Amino acid sequence: MTAAGEVVTRLTVAYDGGAFAGWAAQPGLRTVQGELTRALSTVLRRPVELTVAGRTDRGVHATAQICSYPGPPPPRLRSVNAILGEDVSVLAAEVAPAGFSARRDARSRHYRYRLHTPAGGPSPFERGRALWWPHRVDRAALDACAAAVTGTHDFTAFTPADTYHRRFERDVLSAAWTATGADALAFEIEADAFMRTMIRVLVGTQLEVAAGRRSLDDFAVLLRGAPRTAAGPTAPPHGLYFTGARYDDR
């Protein structure tokens with residue numbers, strides 16, 4: 001919460017989630033929030049309280065995470081990044097509109113899940129960056145699944161049964177699979193908000209359809225509020241990236 005007229009700073013942050021226990025600060029664990037708070041507090045010489053657009057789980061990456069805090073930007077980003085490890089970097093810092101909150105004011109969040117699909121073997125350059133998937137991929141089936149996901153649905157089947165969520169409907173503004181190279185696919189999705197592991201379960205279940213182990217009709221039924229046990233496996237975290245958030249001012 002910020003006082004009326006108080007300056008608010010918006011940060012754009014990128015990180016490799018491989019060595020982090022997620023975004024949220026946790027005692028005794030290395031987290032993105034913990035590292036950023038330490039670096040900013042050192043440079044600004046005062047406590048900093050960060051708010052984030054989308055909390056990421058252990059192992060999940062970000063190319064354009066958005067967070068905010070009350071107070072002016074650091075005088076030099078280079079000073080902040082010099083304190084941070086090599087796997088996290090503040091890309092931009094700017095004064096935000098009065099009262100801005102990275103979480104509350106986000107109209108949507110964007111994620112990407114990356115697949116590396118060569119049949120011969122995984123590339124060492126994609127290790128920890130994409131899910132190696134040497135199995136059958138029916139691209140038409142993936143496209144049909146993405147089309148079914150778009151819209152407002154009950155995603156109960158795609159989040160753990162033991163959950164803090166109270167609302168299970170989400171508005172998916174866009175969802176699509178795209179080829180990003182000769183042996184690479186990406187699932188791009190934008191929604192008003194996401195539930196814990198939602199995208200990773202969506203990916204794991206769509207891959208079952210693409211492999212012929214589940215029908216498209218069965219996948220569509222899951223979007224009507226089926227239990228978690230009816231959906232597929234949770235894809236591993238290292239293929240997932242938070243790629244941005246949309247706000248009214250941009």
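Basis for what follows: all heavy atoms, side chains included, without hydrogens, waters or symmetry-related copies. Computed from a prediction, not measured in an experiment: that's the story for all the values here.
For the atom pair CG (Leu223) and SG (Cys145), the distance works out to 9.0 Å, reported to the nearest 0.5 Å. Atoms OG1 and CZ, on Thr156 and Arg224 in that order, are 14.0 Å from each other to the nearest 0.5 Å. Atom OH in Tyr113 sits 14.5 Å away from atom OG1 in Thr243 (nearest 0.5 Å). Distance CH2/Trp177 to CD/Gln206: 5.5 Å, rounded to 0.5 Å.
Looking only at distances, no side-chain donor or acceptor of Ser89 sits under 3.5 Å from a matching main-chain atom of Leu91. Looking at His61, its side chain does come within 3.5 Å of a backbone N or O of His238 through a donor-acceptor pair. When atom types are taken as modelled, the side chain of Asp192 and the backbone of Arg107 share no donor-acceptor pair closer than 3.5 angstrom. At distances below 3.5 Å, not a single donor-acceptor pair connects side-chain atoms of Glu188 with backbone N or O atoms of Thr178.
Between Tyr111 and Phe194, the distance from one ring center to the other falls under 6.0 angstrom.
Between Glu126 and Arg129 there is no salt bridge, since no side-chain N of the basic residue sits under 4.0 Å from a carboxylate O of the acidic one.
A 4.5 Å side-chain heavy-atom check between Val95 and Val7 finds at least one atom pair inside the cut-off.
Relative ring orientation between Trp23 and Tyr15 is described as tilted, the plane-to-plane angle lying within the 30° to 60° band.
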